[in-house]
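This report concerns only the one structure given below.
Position 1 is the first residue of the sequence; numbering continues from there. Side-chain atoms are counted along with the backbone in the values below, which use heavy atoms only and exclude waters and symmetry mates.
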Amino acid sequence: MAAAAPCALPSLHTVFHGRDGLLAAVFERYGPVVDVEALAAAPPERLEDMVRGVQRAVVHAFAREPRVVPAIFADLLARPQGPGTRLLREAMPRVFSGISALLRPEIAAGRVRPLPMPVLFQLIIGPPVVHMMTRPALEAALGEGLPPVEESLDHFAAAFLRAAAPGGAG
């Protein structure tokens, strides 16, 4: 980001009120927050499309160059008290709020079971997050045996719908 800006890194730290502020701005730009909020502002009519939209936002955040989101998760796992944890602690409420806003009407309409919202949140984003975190290693190990990302999203969305639908698994 500093290389693209016509100023030095210390100047960016000043503008963004320190390193954590700069990291937050980078995550805002490259993470799923804006995409999830846009989806919540104009939700699709069909539940299946909403689920795919949320999961696609997560996948795109992991795949977007530069690969900021994977780096943040790597930091989170390597240093639980590090800047990745602080950054996600600040950003997750917005993502959670956007996804909750999408799920609440589905719960009210009886299309999604009234599970605790954190559980629904983990059910909808967990599989694509783990998929994107492990995909580079799986591609190296399995090569052509690994389904394309879009096909994997089809499976994850179907699994969420089975788990979260009234009368579904679990």
Kindly say whether Ala163 contributes a backbone atom to a donor-acceptor pair with the side chain of Arg113 at under 3.5 angstrom?
yes
Backbone N/O of Val95 and side chain of Glu37: donor-acceptor pair under 3.5 Å
no
Results of salt bridge (Lys or Arg N to Asp or Glu O under 4.0 Å) for Arg64 - residues two or more places apart only:
Asp35
If you define the side chain from C-beta out and look only at heavy atoms, does anything of Ser97 sit under 4.5 Å from Arg94?
no
I'd like to know if Val69 and Met92 are part of one continuous hydrophobic network [Ile/Leu/Val/Met/Phe/Trp/Tyr, side-chain heavy atoms within less than 4.5 Å].
yes
If you look at every heavy atom in Pro128 and Val58, which pair is closest and at what distance?
CB-CG1, 4.1 Å
Applying salt bridge (Lys or Arg N to Asp or Glu O under 4.0 Å) to Glu150 and not counting sequence neighbours gives Arg52, Arg56
Minimum heavy-atom distance between Pro147 and Ser152, given as atom pair plus value:
O-OG, 3.8 Å
Restricting to non-hydrogen atoms, name the atom on Thr85 and the atom on Arg79 that form the minimum distance, rounded to 0.1 Å.
OG1-O, 3.7 Å
Which pairs with one or both residues in residues 128-143 pass salt bridge (Lys or Arg N to Asp or Glu O under 4.0 Å), sequence neighbours excluded?
Arg135-Glu139
So Phe73 and Leu76, side chain to side chain contact (heavy atoms under 4.5 Å, CB included) or not? Walk me through it.
CA-CA 5 Å; Phe73 272 86; Leu76 169 77; 3.9 Å; yes
Contacts of type salt bridge (Lys or Arg N to Asp or Glu O under 4.0 Å), residue Arg89, not counting sequence neighbours:
none
Heavy-atom pair of closest approach, residues Leu39 and Pro44:
CD1-CD, 3.8 Å
Who else is in the cluster with Leu146 when I, L, V, M, F, W and Y are joined by side-chain contacts under 4.5 Å?
Leu138, Leu142
Check the pair Met133 / Leu77 against side chain to side chain contact (heavy atoms under 4.5 Å, CB included), numbers first and verdict last.
CA-CA 11 Å; Met133 288 174 59; Leu77 295 170; 3.3 Å; yes
Under the side-chain contact (heavy atoms from CB on, under 4.5 Å) rule, collect the residues that match up with Glu144, sequence neighbours excluded.
none
ring-ring contact (aromatic ring centres under 6.0 Å, His included) involving Phe160 - partner list, sequence neighbours excluded:
none
Gap between atom CG of Asp75 and atom CZ of Arg86 - 0.5 Å precision
8.5 Å
Provide the full list of side-chain hydrogen bond (donor to acceptor under 3.5 Å, both in side chains) pairs with a residue in residues 38-50, sequence neighbours left out, each pair given once.
Arg46-Asp49
Scanning both residues in full, the closest heavy-atom pair of Phe62 with Arg67 reads O-NH1, 3.0 Å
With sequence neighbours excluded, give me every ring pair (Phe, Tyr, Trp, His ring centres under 6.0 Å) pair touching residues 123-148.
His131-Phe156
Indicate, with yes or no, if Met132 and Val130 share a hydrophobic cluster defined by side-chain heavy-atom contacts under 4.5 Å among Ile, Leu, Val, Met, Phe, Trp and Tyr.
no
With His60 via ring-ring contact (aromatic ring centres under 6.0 Å, His included) - residues at least two apart
none
For atom CD of Glu151, is the number of surrounding heavy atoms from other residues, nucleotides or ligands below 6.0 Å larger than 12?
yes
Pairing residues for Pro114 by the side-chain contact (heavy atoms from CB on, under 4.5 Å) criterion, not counting sequence neighbours:
Ile107
Donor-acceptor contacts under 3.5 Å from residues 98-106 side chains, at least two apart:
unit_1: Ser100; atom_1: OG; unit_2: Phe96; atom_2: O; d: 2.7
unit_1: Glu106; atom_1: OE1; unit_2: Arg111; atom_2: NE; d: 2.5
unit_1: Glu106; atom_1: OE1; unit_2: Arg111; atom_2: NH2; d: 3.2

